[in-house]
There are 2 protein chains.
Amino acid sequence: MTEVIEPAIETVTIDVVLSALADPVRLTLVRALDAAGDWTCGSDALRDTGVTIGKSTLSHHIKVLRHAGLIRTRVDGIRRLVTLRHDEVEQRFPGLLAMLRDPDPARAAAR
Amino acid sequence: MTEVIEPAIETVTIDVVLSALADPVRLTLVRALDAAGDWTCGSDALRDTGVTIGKSTLSHHIKVLRHAGLIRTRVDGIRRLVTLRHDEVEQRFPGLLAMLRDPDPARAAAR
DNA sequence: TCCAATGTTCGATCTGCGTCGTACTGTTCG
DNA sequence: CGAACAGTACGACGCAGATCGAACATTGGA
């Protein structure tokens with residue numbers, strides 16, 4: 001089970017991360033990884049997110065997220081398992097993942 | 001000294017904030033506000049950031065940042081004072097401003 | 001060996017948005 | 001009042017990036 005090349009977390013800049021997360025599709029992908037765990041490009045967890053894009057487009061978004069240091073891709077036989085780099089991202093950018101988890105402003109108002 | 005209309009911090013979503021911060025110019029503006037305090041569109045603190053854009057473009061970016069809940073604009077006579085909504089942003093998105101403060105990955109590596 | 005399944009790469013297309021210039025608004029001061 | 005200043009609004013333009021389809025690569029199984 002080899003890994004696709006990815007940046008060391010210390011070399012990742014917030015600028016690149018922000019650009020990566022600015023796209024609604026990629027934000028959905030990261031949220032799905034955070035909530036439902038890993039998936040492959042054809043998995044149900046991904047399909048349940050409601051993102052309906054071509055597989056080439058999905059491949060593109062995964063590449064952007066990987067270059068931003070947010071996810072990892074492991075080659076597992078015929079498929080590629082996509083994983084959120086949870087601990088590393090939390091260490092490099094504390095609180096970031098928690099922010100993404102709360103899309104509903106109403107809950108913030110209730111705090 | 002009236003205030004230009006701005007969203008309540010509880011109604012601000014992370015999606016909009018990320019879109020606002022994804023632009024390099026706006027990121028520079030927020031960093032300048034965080035480091036050097038308030039400024040007006042013609043102030044030295046702003047000019048020192050090195051952003052060389054037309055005033056209509058600057059006005060556009062300020063509007064985007066204001067709609068994202070990150071800054072506040074107070075009308076002060078002939079000029080408009082731009083302020084970072086520091087405490088509110090920190091309350092709504094803890095850790096966000098700290099992330100923006102550290103653009104150099106080398107420092108993160110040294111931690 | 002050949003085929004099916006899973007992604008990637010490449011080229012083309014198209015849309016969003018960052019940028020600019022100009023005109024306009026509002027404020028202060030002479 | 002009128003001129004100068006500070007910024008906004010608007011329309012136009014151009015480019016980066018999101019999207020797609022098709023061709024290609026790689027692996028596993030029949």
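From a predicted model like this one, the values you see are computed outputs, not experimental measurements. Sequence lines set the chain letters: A, B, ... in the order given, protein chains first and strands last, and positions in each chain run from 1.
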Side chains of A:Lys63 and A:His60 in contact at under 4.5 Å (non-hydrogen atoms)
no

With DNA chain C as reference, determine whether A:Ser56 or B:Val64 sits nearer its 5' end, using the nearest nucleotide of each.
A:Ser56

Counting only side-chain heavy atoms from C-beta out, which of C:dG7, D:dT8, D:dA22 sits nearest to A:Thr40?
C:dG7

Nearest-Å distance, CG (A:Asp76) to P (D:dG28)?
9 Å

Go through A:Arg80 and A:Thr73 one step at a time and tell me if the side-chain hydrogen bond (donor to acceptor under 3.5 Å, both in side chains) criterion holds.
CA-CA 6 Å; A:Arg80 288 164 175 238; A:Thr73 305; over 6 Å; no

With hydrogens left out and only the distance checked, is there a donor-acceptor pair under 3.5 Å joining B:Thr57's side chain and the base of C:dG18?
no

Quick check on DNA chain C: between B:Gly54 and A:His60, whose nearest nucleotide comes earlier from the 5' end?
A:His60

Which comes earlier along DNA chain D counting from the 5' end, the contact point of A:Ile78 or that of A:Lys55, where each point is its nearest nucleotide?
A:Lys55

Taking CZ from B:Arg74 and P from D:dG7, how many angstroms apart are they, rounded to a whole number?
14 Å

For the pair made of CZ in A:Arg26 and C1' in D:dT19, what is the distance, rounded to whole Å?
12 Å

Tell me, do A:Arg85 and A:Glu90 make a side-chain contact under 4.5 Å, heavy atoms counted?
no

What is the distance, rounded to the nearest whole Å, between atom CD1 of A:Ile53 and atom P of D:dA18?
11 Å

Please state how far atom CH2 in A:Trp39 lies from atom P in C:dG7, giving the value in whole angstrom units.
10 Å

Just one of A:Leu70, A:Asp34, A:Ile71 clears the side-chain contact (heavy atoms from CB on, under 4.5 Å) bar with A:His86, so which one?
A:Asp34

Within the structure shown, what part of the strands sits under 4.0 Å from B:His61 by heavy-atom distance: base, sugar-phosphate, or nothing?
sugar-phosphate

Between the side-chain atoms of A:Ser59 and the base atoms of C:dG7, is any donor-acceptor pair under 3.5 Å?
no

